Amino acid sequence: MARYNFRESERRWQRAWDERQVFAAADASDRQKYYVLEMFPYPSGRIHMGHLRNYTMGDVIARYKRAQGFNVLHPMGWDAFGLPAENAAMEKGVHPAEWTRANIDTMRGQLKLMGLSLDWSRELATCDPDYYGQQQKIFLAALKSKLAYRQESWVNWDPVDHTVLANEQVIEGKGWRSGAPVERRKLFQWFFRITAFRDELLAALQRLPRWPNKVRVMQERWIGRSEGAFVDFPITGRSEPLRVFTTRPDTLFGASFCAIAADHPLAEELAKNSAGLGDFIAECRQLGTSEEVIEQAEKRGYDTGLRAKHPFSSGQDLPVYVANFVLMGYGTGAIFGCPAHDQRDLDFANKYQLPVKPVVIPATADPESYRVTDEAYLGEGRLANSGFLDGLDVDAAKRAAIAKLEDSSQGEGTITYRLRDWGVSRQRYWGCPIPVIHCDHCGIVPVPDEDLPVKLPDDVDITEPGNALDRHPTWKHVACPICGRAALRDTDTLDTFVDSSWYFARFCAPEAPEPVDRQAADYWLPVDQYIGGVEHAILHLLYARFFMRAMRQAGYLKVDEPFDGLFTQGMVNHSTYQTADGVWVQPSEVVRNEDGSYALAENAAPVTVGRVEKMSKSKKNVVDPSDVIDAFGADTARWFILSDSPPDRDMEWTDAGVQGAFRFVNRVSRLVEQTLPKLPACGTPLADDLSDSAVTMLRTIHQTIANVTADVESFHFNRAVARLYELTNLLAKADDSIHPTVLRKAIESLVLLISPMMPHLAEEVWEQLGHKTWVIDTPWPKADPAFLVNETVTIAVQVNGKLRGKIDIARDSEEDDVREAARTVENVATAIAGRPLRRAIVVPNRLVNFVV
RNA sequence: GCGGGUGUGGCGGAAUUGGUAGACGCGCCAGACUCAAAAUCUGGUUUCCGCAAGGAAGUGGGAGUUCGAGUCUCCCCACCCGCACCA
């Protein structure tokens, strides 16, 4: 029998969909809209398995929603700016634009072979002047509303690559690419005032129930709101008090020292006259990340000799230390130490023999004898040894302490955040130029609207590190738009996270003359389902949330949350292989011996199987999706990547699993082919005189429809796959007692249910079944509630909670009947014989438990 | 350290509100077809005892609640991810 020709079929249907433009989304429709989006790829060269998994899942949702009658938008684009293009330029001498365009072409071709239901008419790349020009408008709007600003700030400077590095790109104090020790430099940088929305960004997380809890928690911690107070400690012999931040103003009476960061201005000032302090500060800075790990919790300090006056307890002076555990970047860079109720402070106090005075007494402790020695007490309790706070609980004491601080002008209640403004300047060529001009006379001048977009010059020299834009002989020299005198363009480009912060809004109307078309955006946004890797949990997703608010403020659109539903998929892993001398080898080079061991295909040298790990080039455990699609077809690849593993968990790619999926593709095709001669014509209604087995089949069909629908709806694709295997298994066993009309119903249901996952196969067999219309235009099957319950149920019979037998009985039978039927089961009868029956528990339609 | 998560056969994983543990797939075993192989089909496959019927144990470990616990409570262990001296 001829095997299903996936090559021909997939090519044919991809062409057919394309010719009819079935996936082009209509902006106006009376159907409800549904916007499905997967995180757009960086055009690195080729599609990888992560893409295959991501886009397959998105495609299942898109096709399913379409079949449910939604007006679906499912677009695709390219996150096309970024450093790898410049690296390629340096290494291979190819222009970044050319390299990027070639990669896009390759990857578009690969995506098309997957058979995705994408609206390619909306394709965009962030490196298109059309796109980044619109982005420049958004930047200028932000500049106007002061959401973008320029400020001198400390940056990580890579002296070899001549560029600023993000904190994430500094690994153990060295540049991630160059390996050179990073320098701290002060540069003028552009910032987005993300902190303007910090409370809103935090509070709105509560209104995103369709986001993974994990991501919400991560963002919450990233924003890092904490309530507390500023306290001003007067310093003897100085006019300026020392301002500290605390979340525990209630424990002020337990203070036994103050400490400031090594970078604190006061520390730097004192160091001028104290070589010892200067050395200590230098040591703190040098310490860096690596040694810190070694020294772990070692708290160290240097007594400055200054004394701080306690704000509430006159006559009590506290020593002021410079301490290595105080960070300049949080709060005020200064703290007061209350050892009894903070573990770090306690460690520090124990090291330097400072007093430890408990001021919060646990309810269970005796106030007279309560002591804190090695473990700080962080819990609830009543205040003691605390003057006017005595007897209050922690919350009341916080309020009372803040009130007193404010009354006596010694401090105030406040809220601090971890979130900092977003630095977006990058000293790179391959990015969106920042559309401002620096004029000696007029200052910072926005590029006039009619001069946008500020395009990147093509003729650049990217043979050495650094900013090719800045090196360009003419590009930056322009006349000031205001005074006409010689001026300079800003030669920095925007962080590529800016590009990905609003692309989903652009998809609503990619040709619009403004960044977004208000009407289209109001219709399509927010994205109903966004799908991507969890690695973007903070930066990309937070920036996008900020951007929607910034764009709303500028009047571009009305939403503030870009993604109503978010799904984060797991990684694709593969086992690793190593030769005896430790060289990693590709899976394709390895064969399995008969005894289960592995060897090199080439020369039979033994190979050891290592851990199952994320696919990576260094471990060589990479499988190219295109190879799989080429050998087995897109439907096989899609089906396998949806099988077995829950979508949010990591999965293992295995050849055997692919084979299994391939078998199933062919099995479905064969099943249709073999059953076809028995089937009535397309559209024949169900017969009414059905055999019992035919009714059973109908039940299974409708239960499968209901289950698969629920599974797809809730992203349980692996469960949906299992249900479809079950239906197929049952169908394969169908004999002549099943009425042909039921058989047709079963097969057609199967085909429609697999269609979001294996769209080509579904179209192909749908046509074989005699349909003139396409699956893509066929509504999702509906489960008939009448068939969702069985007439008979199997009831478990337990004795003392142990399974002793089963009975089949009519659904909703009387309790007494069920009990009596259960009692007569042979095993049960012997088990309860001669013992007094203490109880009989009957769970309707489920179970009987005899307690003896 | 803090936060989030995971732990079930040889493997990936299923199991409404607590109610028949191991669906489905992979692998493996046996059989059919075949000169043979591949492909396909049929049956079996948690472990232990037993020829069998059947019995016992069993969801990382230990307690507990319950007629009944993979599921609920408490304590511990391991692994993964994120943030890491956040005052």
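The structure displayed is predicted, hence computed values, not measured ones. Heavy-atom basis, side chains included; hydrogens, waters and symmetry copies ignored.
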Please list, pair by pair, any protein nitrogen or oxygen found under 3.5 Å from a nitrogen or oxygen in nucleotides 67-74 of chain B.
| residue | atom | partner | partner atom | Å |
| --- | --- | --- | --- | --- |
| B:C67 | OP1 | A:R839 | NH1 | 3.2 |
| B:C67 | O2' | A:N849 | ND2 | 3.3 |
| B:C67 | O2 | A:N849 | ND2 | 2.6 |

Between [atom2] of [N] and [atom1] of [X], the distance in whole Å:
{"X": "A:N213", "N": "B:G5", "atom1": "CG", "atom2": "C1'", "result": "10 Å"}
{"X": "A:F640", "N": "B:G12", "atom1": "CZ", "atom2": "P", "result": "13 Å"}
{"X": "A:W211", "N": "B:G5", "atom1": "CH2", "atom2": "P", "result": "17 Å"}
{"X": "A:E726", "N": "B:G13", "atom1": "CD", "atom2": "P", "result": "18 Å"}
{"X": "A:R344", "N": "B:A84", "atom1": "CZ", "atom2": "C1'", "result": "12 Å"}
{"X": "A:I641", "N": "B:G25", "atom1": "CD1", "atom2": "C1'", "result": "16 Å"}
{"X": "A:F717", "N": "B:G12", "atom1": "CZ", "atom2": "C1'", "result": "18 Å"}
{"X": "A:N573", "N": "B:C79", "atom1": "CG", "atom2": "P", "result": "18 Å"}

message = Syn if the chi torsion is within 90° of 0, anti otherwise; quick check, which is B:G9?
response = syn

key: For B:C72, the Watson-Crick or wobble partner whose two distances fall under 3.5 Å   = B:G64

Pair partner, B:U34 [Watson-Crick or wobble, under 3.5 Å] =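 Its partner is none (no Watson-Crick or G-U wobble pair with both distances under 3.5 Å).
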
Of the listed nucleotides [options], the one nearest the side chain of [X]:
{"X": "A:P646", "options": "B:A21, B:A14, B:A57", "result": "B:A14"}
{"X": "A:R649", "options": "B:G13, B:G55, B:C41", "result": "B:G13"}
{"X": "A:L327", "options": "B:C85, B:C41, B:G43", "result": "B:C85"}
{"X": "A:D644", "options": "B:G13, B:C41, B:G25", "result": "B:G25"}
{"X": "A:K733", "options": "B:G82, B:G43, B:A84", "result": "B:G43"}
{"X": "A:A722", "options": "B:A23, B:G54, B:G43", "result": "B:A23"}
{"X": "A:N324", "options": "B:C85, B:A14, B:G19", "result": "B:C85"}
{"X": "A:T794", "options": "B:G12, B:G82, B:U20", "result": "B:U20"}
{"X": "A:K214", "options": "B:U16, B:A23, B:G4", "result": "B:G4"}
{"X": "A:R719", "options": "B:C26, B:A15, B:A56", "result": "B:A15"}

request  = Evaluate the ring planes of A:F664 and A:Y725, with Trp represented by its six-membered ring, and classify them as parallel (under 30°), tilted (30 to 60°) or perpendicular (over 60°).
outcome  = tilted

request  = Measure the acute angle between the ring planes of A:F715 and A:F567, then classify it against the limits of 30° and 60° as parallel, tilted or perpendicular.
outcome  = parallel

Could you work out the separation of [N] and [M] based on their [atom1] atoms and round it to a whole Å?
{"N": "B:G25", "M": "B:C41", "atom1": "P", "answer": "11 Å"}
{"N": "B:G43", "M": "B:A37", "atom1": "C1'", "answer": "22 Å"}
{"N": "B:A15", "M": "B:A21", "atom1": "C1'", "answer": "7 Å"}
{"N": "B:U47", "M": "B:G58", "atom1": "C1'", "answer": "8 Å"}
{"N": "B:C24", "M": "B:U17", "atom1": "C1'", "answer": "25 Å"}
{"N": "B:C80", "M": "B:G31", "atom1": "P", "answer": "44 Å"}
{"N": "B:G18", "M": "B:A57", "atom1": "P", "answer": "25 Å"}
{"N": "B:A23", "M": "B:G13", "atom1": "C1'", "answer": "10 Å"}

When all nucleic acid strands are considered with a 4.0 Å heavy-atom cut-off, which category describes [X]: base, sugar-phosphate, or nothing?
{"X": "A:N666", "answer": "nothing"}
{"X": "A:R663", "answer": "sugar-phosphate"}
{"X": "A:V326", "answer": "base"}
{"X": "A:G660", "answer": "sugar-phosphate"}

Checking [Y] against [X]: is there a side-chain donor and acceptor pair closer than 3.5 Å?
{"X": "A:T794", "Y": "A:D808", "value": "yes"}
{"X": "A:Y417", "Y": "A:D199", "value": "yes"}
{"X": "A:T416", "Y": "A:Y330", "value": "yes"}
{"X": "A:Y577", "Y": "A:S575", "value": "yes"}

Check ion pair [X]-[Y] (N to O, under 4.0 angstrom):
{"X": "A:R723", "Y": "A:D711", "result": "yes"}
{"X": "A:E815", "Y": "A:R819", "result": "yes"}
{"X": "A:R823", "Y": "A:E820", "result": "yes"}

request  = Go through the N and O atoms of the side chain of A:R804 and the base of B:U20, and report whether any donor-acceptor pair is under 3.5 Å.
outcome  =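 No pair found.
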
query = Could one point to a donor on the side chain of A:R221 or the base of B:C2 with an acceptor on the other under 3.5 Å away?
reply = yes

request  = Please report the closest heavy-atom contact between A:V765 and A:S669, naming both atoms and the distance.
outcome  =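 Of all heavy-atom pairs spanning A:V765 and A:S669, the closest is CG1-CA, 4.3 Å.
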
